[in-house]
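Fair warning: this is a prediction, and the values are worked out from it, not measured in the lab. Just so we're on the same page: letters track the sequence lines, and every chain starts at 1.
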There are 2 protein chains.
Amino acid sequence: MEDATPIRAGTAAWWLARTANADDRPRRRRILSLDLIADTALSVLDAEGAEALTMRRLAQQLQCSQASLYRHVTSRDELMVLAMDRAVGLGLEPPPEGLDWRRTVEWQAHSFRDFLLAHPGLVPFLRGTERLSPSSLIGMEHSLGRFIDIGLSVREAYATASAFATFVVGSVQFNLGVDTASPMEQGLRRRLYEGLDPDHYPILVAHADELSRMGSQEEFEFGLAALLDAIEARLR
Amino acid sequence: MEDATPIRAGTAAWWLARTANADDRPRRRRILSLDLIADTALSVLDAEGAEALTMRRLAQQLQCSQASLYRHVTSRDELMVLAMDRAVGLGLEPPPEGLDWRRTVEWQAHSFRDFLLAHPGLVPFLRGTERLSPSSLIGMEHSLGRFIDIGLSVREAYATASAFATFVVGSVQFNLGVDTASPMEQGLRRRLYEGLDPDHYPILVAHADELSRMGSQEEFEFGLAALLDAIEARLR
DNA sequence: ACCTGAACACCGTTCAAGT
DNA sequence: ACCTGAACACCGTTCAAGT
């Protein structure tokens with residue numbers, strides 16, 4: 001049963017192996033469970049960031065030894081993948097009933113983005129490997145259904161659903177670490193733009209004040225509307 | 001000159017302080033320079049990934065002590081920001097002359113995405129803080145000029161340029177760690193979809209084969225075309 | 001004035017030894 | 001059969017001591 005080349009966490013091979021083993025794994029009553037470990041990891045990751053989530057810290061939180069964690073999880077990487085699956089499940093809330101398809105997609109994009117903005121520590125772990133986790137697959141199933149129902153092909157529905165997810169992930173990833181809404185950060189940014197060489201950066205210098213006040217919201221709304229319009233155009 | 005609260009690398013305050021100090025920093029001839037350190041860091045990061053880029057490894061590569069690195073750089077975080085600025089400079093190639101605006105933007109989006117796909121180790125470090133680096137500002141200046149020239153307002157130009165960058169970053173970030181083009185990975189993905197519970201995942205199960213062969217290219221092209229169409233619509 | 005060996009306080013992971 | 005103390009081989013960062 002030993003693998004010479006260990007399977008990397010999050011790959012299709014890994015998810016396959018994990019779900020296959022789920023049933024015949026010994027299911028004794030015990031205090032320490034995989035679920036509890038993943039939940040605790042997520043709460044520490046969310047509250048204090050990735051660098052605070054160490055195996056020692058987690059063991060302390062769960063009142064067990066570090067070594068015990070490795071009975072349920074083969075590595076820290078694997079733990080992160082499992083914790084992120086839970087995060088996706090929490091972030092993908094079901095949209096309200098009764099909205100048309102455009103409002104529904106719009107609502108879900110905003111909802112998931114707001115969730116990620118509120119939990120920035122999770123964002124760097126939203127990689128391609130996370131797309132195959134159970135919670136992500138539920139989201140994909142629903143998205144595919146929605147887009148197929150309005151007339152897209154399976155291929156189109158997949159590309160469209162993925163493009164929305166991609167854009168939301170990019171929106172939060174590419175704004176990590178900056179608070180564009182903060183007046184102090186805006187002031188510093190204005191000074192940075194103003195101080196540039198006007199020969200090389202004429203536009204940034206000329207519009208320093210206006211540009212320094214631009215936040216991430218505008219770019220998100222522009223891109224989201226563009227994606228939605230593209231679907232409507234394809235339906236006609 | 002000592003700061004009680006150290007300025008986080010990549011923020012506007014940090015870039016301001018850095019450019020302000022650039023001139024009066026002692027400029028002796030020496031073998032070890034900030035440029036050399038950042039270049040070496042980037043080459044190690046690119047060739048062997050983030051976890052291989054340690055201060056010890058870097059010192060060994062540069063044949064100096066670890067401690068010497070801290071004479072040029074205050075922390076590993078700062079080093080990463082500086083290395084990434086160089087990476088952005090390398091990735092943002094000037095587009096070929098003579099193309100219309102749509103082709104130009106299209107070319108640049110593809111060009112930067114291809115660069116990132118070839119250097120996946122860099123992607124997790126493309127955060128909001130990286131938008132203010134000199135290389136990024138050059139790219140922003142050019143993008144703003146292009147969009148203003150065709151008739152967008154300064155605000156629209158910024159939102160549009162940012163949306164493109166956001167989408168490219170999202171496209172690579174949300175495909176990190178998976179090789180959707182690999183036949184083996186496709187086969188494993190098909191098996192993963194096929195094995196799902198048909199009651200909960202009817203579409204994924206029914207179209208397992210087709211969906212398992214979808215790559216990240218389709219979603220990128222769909223989103224890119226959508227953004228370009230949205231600009232054209234706004235111009236009318 | 002400049003550089004660095006050696007230390008400090010951490011990591012993830014393993015395994016022999018306990019119960 | 002299950003758990004874990006203690007170790008291993010690493011980290012980033014600092015600073016007294018060298019030249």
Counting distance only, does the side-chain N/O of B:T40 pair as donor-acceptor with the main-chain N or O of B:L36 below 3.5 Å? yes
Answer yes if the side chains of B:E78 and B:H72 hold a donor-acceptor pair under 3.5 Å, and no otherwise. no
For D:dT4 and A:S68 - does any side-chain N or O of the residue sit under 4.0 Å from the phosphate oxygens OP1/OP2? yes
Nearest-Å distance for atom pair CD/P, residues B:Q66 and C:dC8: 15 Å
Ignoring hydrogens and geometry, is there a side-chain-to-backbone donor-acceptor pair from B:R189 to B:T180 under 3.5 Å? no
Specify the residues of residues 37-58 of chain B, ordered by number, for which at least one heavy atom lies under 4.0 angstrom from an atom of DNA chain D. B:L53, B:T54, B:M55, B:R56
Side chain of B:A67 only, please: which of D:dT14, D:dT13, D:dC2 is the nearest? D:dT14
Taking NZ, NE, NH1 and NH2 as the nitrogens, is one of them in A:R131 or B:E219 under 4.0 Å from a carboxylate oxygen of the other? yes
Polar contact flag, side-chain donor to acceptor under 3.5 angstrom, B:S133-B:S136: yes
Ring geometry between A:H119 and A:F115 (parallel below 30°, tilted from 30 to 60°, perpendicular above 60°): tilted
D:dG5, D:dG12, C:dC3: which one has an atom nearest the side-chain heavy atoms of B:Y70? D:dG12
Do the charged groups of B:R8 and B:D77 touch, with an N to O distance under 4.0 Å? no
Axial cation check for B:F220 ring with B:R113, 6.0 Å and 45° limits: yes
Hey, can you pull the residues of residues 75-85 of chain A with a non-hydrogen atom under 4.0 angstrom from DNA chain C? A:S75, A:R76
Which whole-number value in Å describes the distance from B:H72 NE2 to C:dT4 C1'? 14 Å
Over how many whole Å does the gap from B:L62 atom CG to C:dT4 atom P extend? 11 Å
Check this for me, if you would: do B:R190 and B:E194 make a salt bridge, where the nitrogen-to-carboxylate-oxygen distance has to be below 4.0 angstrom? yes
Strand DNA chain C in bracket notation, Watson-Crick/G-U under 3.5 Å with | for pairs to another chain: ||.|||||...|||||.||
Without swapping roles, check the side chain of A:D46 against the backbone of A:L42 for a donor-acceptor pair under 3.5 Å. no
Are B:Q60 and B:R56 linked by a side-chain donor-acceptor pair shorter than 3.5 Å? no
